[in-house]
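Okay, so here's the structure we're looking at.
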Amino acid sequence: DHVAALRACEELARSGGFAFVVLDGVEPDATAMLRCSHAAHEGGSAVVLLTRATALASLRLTSRPLPQPPPPPHGWPRGRLAEPVAVRMVKLRLEARASGWQASTELTIPVWHDDLRLSLELRHPDRRGERR
């Protein structure tokens, strides 16, 4: 319930028992954002509302993936038909804005897959039943 989530955020921030309270999945109105802001001030907490509304934000953070992936072999390895088959890294553009201040950077995040290795892979022989 959205109302219960906002009330819980407000109580946790006001209690002072948590230095950092994050609320996601709720689109609060201006009144609810103001209540959470006051509760954070009273409790000495930092409240982060992950939302598209930025009416009372002290700091606004945005991120977006860069449109062009890096060329192979670093970014997107290609299959036999030249289609991307796996993602090895993602590049993001991060922007931070506050009152009278703005900064941005590009961030490269490596991606790897921890898949279950199957005996059907040609590189790895099937050793089930082998005596040690």
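Along the sequence shown, residues are numbered consecutively beginning with 1.
Residues satisfying the side chain to side chain donor-acceptor pair (under 3.5 Å) criterion with Arg97, sequence neighbours excluded, are absent altogether. Listed by chain and residue number, Arg93 satisfy the side chain to side chain donor-acceptor pair (under 3.5 Å) test with Ser104 (two or more places apart in sequence, or in another chain). Residues that satisfy the side-chain contact (heavy atoms from CB on, under 4.5 Å) test with Ala8, not counting sequence neighbours, are absent from this structure.
Between Ala39 and Glu10, the shortest heavy-atom distance links the atoms CB-O, 3.4 Å. Between Pro65 and Leu92, the closest heavy-atom pair is CA-CD2, 3.7 Å. Contact between Leu12 and Ser15 at its shortest, heavy atoms only, is O-OG, 2.9 Å.
Atom CG of Leu107 is separated from atom CG of Leu66 by 10.0 Å, given to the nearest 0.5 angstrom. Between Arg35 atom CZ and Cys9 atom SG the span is 10.0 Å, to the nearest 0.5 Å. Atom SG of residue Cys36 and atom CD of residue Glu11 lie 10.0 Å apart, to the nearest 0.5 angstrom. With values rounded to the nearest 0.5 angstrom, Lys91 atom NZ is found 13.0 Å from Arg64 atom CZ. Separation of atoms CE (Met33) and CG (Asp29) is listed at 7.0 Å; rounding is to 0.5 Å.
Pairs passing the salt bridge (Lys or Arg N to Asp or Glu O under 4.0 Å) check and including a residue from residues 16-27, sequence neighbours excluded, do not occur.
The hydrophobic cluster around Val3 extends to none of the other residues, as no ILVMFWY side-chain heavy atom falls under 4.5 Å of it.
For the pair Leu23 and Val26, the minimum side-chain heavy-atom distance is below 4.5 Å.
In terms of hydrophobic clustering, with Ile, Leu, Val, Met, Phe, Trp and Tyr side chains grouped at heavy-atom distances under 4.5 Å, Leu50 and Phe20 are assigned to a common cluster.
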Could you tabulate the donor-acceptor pairs under 3.5 Å formed by side-chain atoms of residues 40-48, not counting sequence neighbours?
from: Glu42; atom 1: OE1; to: Arg14; atom 2: NE; distance (Å): 2.8
from: Ser45; atom 1: OG; to: Ala13; atom 2: O; distance (Å): 3.0
from: Ser45; atom 1: OG; to: Phe18; atom 2: O; distance (Å): 2.7

